[in-house]
Amino acid sequence: MGDIGQFLPFILMFVVVYFFMIAPQMKRAKKEKKFAAELKRSDNVITKSGMHGKIFELTDHACVIETQAGKIKFERSAISMEMSKKLKTSVDTK
């Protein structure tokens, strides 16, 4: 019993770190993966670098976004889930 008592603070610290850091990060990664999979042609999106555009073409790992400057090819992971959802909700409410 005494040996377990010595490791109890470490075990408790791991549990706290898991529930406050690791689990939310895994949940967020799962949402981002689902968002990237649900992208479709003609969706208005914003990239993580701030580029606004409309999806013109999709492949498995990349997408072509049509902007005012022309068509630019990006990786699907470069599209920001938060900013694109904010853009969608602001367009829907107008």
Side-chain angles (χ1 to χ4, degrees):
M1 182 74 178
D3 293 334
I4 294 174
Q6 291 176 344
F7 292 110
L8 191 60
F10 294 112
I11 294 169
L12 190 62
M13 189 170 23
F14 177 75
V15 169
V16 168
V17 167
Y18 179 79
F19 282 109
F20 286 106
M21 296 179 78
I22 298 171
Q25 188 173 1
M26 288 173 30
K27 186 177 179 181
R28 178 183 165 93
K30 194 175 186 181
K31 282 183 181 179
E32 284 185 10
K33 189 174 182 180
K34 182 181 176 192
F35 171 77
E38 291 176 347
L39 288 173
K40 60 187 181 300
R41 195 167 181 214
S42 76
D43 280 348
N44 288 320
V45 294
I46 303 175
T47 64
K48 292 180 181 177
S49 62
M51 181 85 60
H52 290 241
K54 185 181 284 193
I55 296 178
F56 182 75
E57 180 183 333
L58 285 168
T59 63
D60 289 339
H61 300 288
C63 62
V64 176
I65 298 176
E66 188 174 31
T67 65
Q68 290 178 347
K71 295 177 188 165
I72 304 172
K73 187 174 185 176
F74 286 99
E75 292 291 320
R76 280 185 179 225
S77 61
I79 296 174
S80 173
M81 178 179 70
E82 295 88 19
M83 289 190 271
S84 295
K85 284 186 176 181
K86 285 180 186 178
L87 176 70
K88 184 178 180 183
T89 57
S90 69
V91 169
D92 289 344
T93 58
K94 289 184 179 180

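Within a 6.0 Å radius of NZ in K48, more than 12 heavy atoms belonging to other residues, nucleotides or ligands are found.
Between Y18 atom OH and M26 atom CE the span is 4.5 Å, to the nearest 0.5 Å. Here the CD1-CD1 distance, from I46 to I79, works out to 11.0 Å after rounding to the nearest 0.5 Å. Taking NE2 of H61 as the start and OG of S77 as the end, the distance is 10.5 Å to the nearest 0.5 Å. Taking OG of S42 as the reference point, atom CD of E66 lies at 11.0 Å (rounded to 0.5 Å). The line from CG of L58 to CG of L39 is 6.5 Å long, rounded to the nearest 0.5 Å. Here the OG1-NE2 distance, from T47 to H52, works out to 8.0 Å after rounding to the nearest 0.5 Å.
Exactly one residue among D43, V45, N44 makes a side-chain contact (heavy atoms from CB on, under 4.5 Å) with L87. That residue is N44.
Under the rule for a side-chain hydrogen bond (donor to acceptor under 3.5 Å, both in side chains), S84 has no partner lying at least two apart in sequence or in another chain.
Side-chain atoms of R76 come within 3.5 Å of backbone N or O of T59 as a donor-acceptor pair.
Counting heavy atoms from C-beta outward, M81 and K34 have side chains that stay 4.5 Å or more apart. Two residues are said to be in side-chain contact when any heavy atoms from C-beta on lie closer than 4.5 Å; M51 and I72 meet this criterion.
R28 and E32 are joined by a salt bridge, as a carboxylate oxygen and a charged side-chain nitrogen come within less than 4.0 angstrom of each other.
Both M21 and V15 are part of a single hydrophobic cluster, where members link through side-chain heavy atoms under 4.5 Å apart.
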